[in-house]
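Chain letters run A, B, ... following the sequence lines, proteins first and then strands; every chain starts at 1. Just so it is clear, the values below take in all heavy atoms, side chains as well, and ignore hydrogens, waters and symmetry mates.
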Amino acid sequence: MKPLYEVYPIHIENSLTGEKEPFSPVQEGRVGMYVCGPTVYSDVHLGNARTFTSFDLIFRYFKHLGYKVRYVRNITDVGHLENDADSGEDKIAKKARLEALEPMEIVQRYTVDFHKVMDQLGALPPSIEPTATGHIVEQIAMTQAILAKGWAYESNGSVYFDVNAYNNDGGDYGVLSGRKMDELQAGSRALDGQDEKRNPADFALWKKASPAHIMRWPSPWGDGFPGWHLECSAMSTKYLGDEFDIHGGGMDLKFPHHECEIAQNKACTNHNGARYWMHANMLTLNGKRMSKSTGNTILPGELFTGTNDLLVKAFHPSVVRFFMMQAHYSSVLDFSNEALLAAEKGHDKLLAAWNTLQQASAKGGQGFDVQAWKDKCYSAMSDNFNSPILIAHLFEAVKFINASEGGLAIAAGDLLKLQQTFKAMIFDILALQGVEDQSAHKDALDKAMDLVIELRAQARTNKDWGTADLIRDQLKDAGIQLKDGPEGTTYSL
RNA sequence: GGUUCCGUGGCCGAGUGGCUAGGCACUGGUCUGCAAAACCAGCUACAGCGGUUCGAGUCCGCUCGGAACCUCCA
């Protein structure tokens with residue numbers, strides 16, 4: 001039997017070429033994917049979470065189609081500078097000084113927080129989660145290789161990538177972001193420490209550590225620490241090879257971070273790193289991008305508990321995920337209470353339909369073309385991971401499911417196919433989280449609810465509307481909704 | 001100032017030149033003791049102005065508005 005990825009071949013919008021291209025992996029049946037992870041110096045905010053949720057969707061879909069996927073997502077725990085890649089203070093070290101903690105204590109705390117949030121959002125852990133500090137040796141070796149190539153130079157204990165030398169040697173700095181060298185130079189500001197560089201566009205591969213700098217490692221150029229861009233080149237090629245399939249990250253990393261990565265990779269491996277570069281778009285708040293540095297943020301934890309003045313209520317992580325999945329990963333998504341509330345209704349409707357579908361029976365007929373529907377669902381996802389279209393198709397099925405009473409008008413085999421596909425889409429791929437149907441509790445609850453519903457039915461028979469409505473309202477407050485239908489009353493959580 | 005991108009109905013958001021996106025909200029109806037849920041029907045669109053085309057939300061140009069990047073950022 002053909003693997004699903006041959007039935008529904010994937011097309012990916014490649015940032016490197018600007019085109020939507022058929023996906024063809026380096027190795028048949030395998031996918032190597034690297035995504036730039038967070039810098040763990042503060043709580044991950046919702047915008048960060050969107051990027052990783054987007055790539056979780058992509059990771060899950062590749063796996064679902066039958067690919068063996070190695071998904072590498074790093075933790076940046078050093079080398080990410082505060083103001084400027086060449087002169088600023090290390091973010092981790094700065095935070096550590098402020099809170100009087102060891103740098104690794106900061107790293108640990110926020111790494112744990114990050115993992116917790118991603119778990120709540122239903123994201124699978126990556127296959128490998130390497131840290132920058134765990135790959136100092138590789139980064140030094142890479143710096144040496146670039147020096148040997150003549151595309152870097154040492155200056156006052158630091159090593160910089162020589163962008164002009166790279167370009168004069170056939171390099172194409174700017175290939176990803178569409179920037180031209182002369183524009184970059186015209187637009188760059190006069191920054192501290194620039195005098196060490198030959199060209200304002202040059203970027204640090206290795207930075208000399210000042211005597212007070214805590215995070216430091218010995219190197220051929222003296223004690224120092226790696227530049228930010230280098231870690232991703234080192235770790236991606238170490239675990240995925242010189243040329244791998246997908247490199248992802250937030251749109252804001254396209255320039256300069258990914259541009260620098262490509263230059264470094266070209267120097268060391270003669271490849272761009274990844275064949276397909278993918279960029280997840282920003283989540284905006286009040287029309288502006290969420291950002292740690294500007295304070296325009298909502299934390300996932302605040303969203304899940306409702307503890308933020310911007311929020312009217314708490315939202316379940318699954319609702320938040322659904323909200324994100326309703327927009328395409330490459331589009332800017334604007335956050336608002338209204339949008340979350342709308343998403344919550346849709347989310348609940350979708351999951352309610354799944355509960356109905358699980359218990360549905362088939363009465364035969366051709367009321368719904370299940371195979372065509374299934375094809376549309378997969379085609380949407382294979383078309384550059386278009387989750388909004390997938391969700392639109394899911395709601396077509398919801399309409400059919402809800403409209404059917406006394407059994408779905410399809411053959412038994414089609415019902416099974418509908419159930420399997422529906423389940424795969426909402427749980428395996430979109431990774432929504434349904435109400436836990438833990439059978440032991442469920443049985444007990446069912447019995448209790450049967451009793452309550454019976455009592456209320458008696459009250460209604462006696463036209464004791466007060467009692468009947470009291471039961472209904474109290475249950476509603478407890479999160480249980482009664483539905484009076486022609487065939488009796490049912491309930492849902 | 002430069003690079004890239006966006007501007008879709010009350011709101012959020014898909015739309016690869018020709019065929020109903022979808023969700024939420026709203027209106028009417030069915031059902032109901034009343035609701036809720038569900039279903040049926042309806043309802044508002046493609047920022048503006050030109051151009052290409054038999055035909056444009058979709059391509060091109062201009063204008064207006066917004067965003068990201070150009071400095072750490074998912």
Do any side-chain nitrogens or oxygens of [X] fall under 4.0 Å of OP1 or OP2 in [N]?
| X | N | result |
| --- | --- | --- |
| A:K254 | B:U4 | no |
| A:N48 | B:A74 | yes |
| A:N386 | B:A14 | no |
| A:S331 | B:A14 | yes |
| A:K349 | B:A37 | no |

* Starting at the 5' end of RNA chain B and moving along, which residue's nearest nucleotide shows up first, A:L333 or A:F400? ->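 Result of the comparison: A:L333.
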* **Nearest-nucleotide 5' precedence on RNA chain B, A:P256 against A:T51** =>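 The 5'-side residue here is A:P256.
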Under 4.0 Å between a Lys/Arg side-chain N and an Asp/Glu carboxylate O for [X] and [Y]?
| X | Y | result |
| --- | --- | --- |
| A:E13 | A:K20 | no |
| A:E259 | A:R179 | no |
| A:D113 | A:R109 | no |

* Residues from residues 366-385 of chain A lying under 4.0 Å of RNA chain B - heavy atoms ->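 Per residue number, the list reads A:D383.
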* Dot-bracket line, read 5' to 3' along RNA chain B, where crossing pairs take [ ] and | marks a partner on another strand, Watson-Crick or G-U under 3.5 Å -> (((((((..(((.....[...))).(((((.......)))))....(((((..]....))))))))))))....
Sugar-phosphate only, base, or nothing, as touched by [X] at under 4.0 Å among non-hydrogen atoms:
| X | answer |
| --- | --- |
| A:G47 | base |
| A:S291 | base |
| A:L283 | base |
| A:K20 | nothing |
| A:K463 | nothing |
| A:A280 | nothing |
| A:R50 | nothing |
| A:H45 | base |

* Asked: Is there a donor-acceptor pair under 3.5 Å between the side chain of A:D77 and the backbone N or O of A:T133?
  -> yes
* **Under 3.5 Å donor-acceptor, A:N337 side chain and A:L310 backbone** => yes
* Asked: Does A:F395 lie flat on the base of B:G23, that is, centres under 5.5 Å apart and planes under 30° off?
  -> no
Just the rounded figure in Å: distance from [atom2] of [N] to [atom1] of [X].
| X | N | atom1 | atom2 | answer |
| --- | --- | --- | --- | --- |
| A:Y41 | B:A74 | OH | C1' | 11 Å |
| A:K399 | B:A21 | NZ | P | 12 Å |
| A:Y329 | B:G13 | OH | C1' | 17 Å |
| A:L408 | B:A38 | CG | P | 17 Å |
| A:L285 | B:A74 | CG | C1' | 15 Å |
| A:E13 | B:A14 | CD | P | 12 Å |
| A:H393 | B:G15 | NE2 | C1' | 11 Å |
| A:M282 | B:C6 | CE | P | 15 Å |

* So which heavy atom on A:I298 is nearest to which on A:M290, and how close? ->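 Minimum heavy-atom contact is N-SD, 3.6 Å.
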* **Smallest separation among heavy atoms of A:H393 and A:A380, with atom names** =>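 In this case the closest contact between A:H393 and A:A380 is CD2-CB, 4.3 Å.
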* Asked: So, A:Q326 versus A:S387: side-chain donor-acceptor pair below 3.5 Å or not?
  -> no
* To do: Go through the side-chain N and O atoms of A:Y160 and A:K207 and say whether any donor and acceptor fall under 3.5 Å apart.
  =>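 Yes, because at least one side-chain N or O of A:Y160 sits under 3.5 Å from a partner of the opposite role on A:K207.
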Roughly how many Å apart are [M] and [N], using the [atom1] atom of each and rounding to a whole number?
| N | M | atom1 | value |
| --- | --- | --- | --- |
| B:U44 | B:G10 | C1' | 8 Å |
| B:A47 | B:G57 | P | 10 Å |
| B:A14 | B:C69 | C1' | 26 Å |
| B:C5 | B:G9 | P | 23 Å |
| B:C40 | B:C31 | P | 16 Å |

If you take atom types as modelled and just measure distance, does the side chain of [X] reach the base of [N] with a donor-acceptor pair under 3.5 Å?
| X | N | result |
| --- | --- | --- |
| A:D334 | B:G66 | no |
| A:K91 | B:C72 | yes |
| A:R472 | B:A36 | no |

* What do you reckon, is NZ of A:K423 surrounded by more than 12 foreign heavy atoms closer than 6.0 Å? -> no
* Structure fact -> Quick note, salt bridge (charged side-chain N to carboxylate O under 4.0 Å, His left out) partners involving residues 323-336 of chain A, not counting sequence neighbours, are none
* To do: Establish, for the pair A:R73 and A:Y34, whether the NZ or CZ atom is under 6.0 angstrom from the six-membered ring centre and no further than 45 degrees off its axis.
  => no
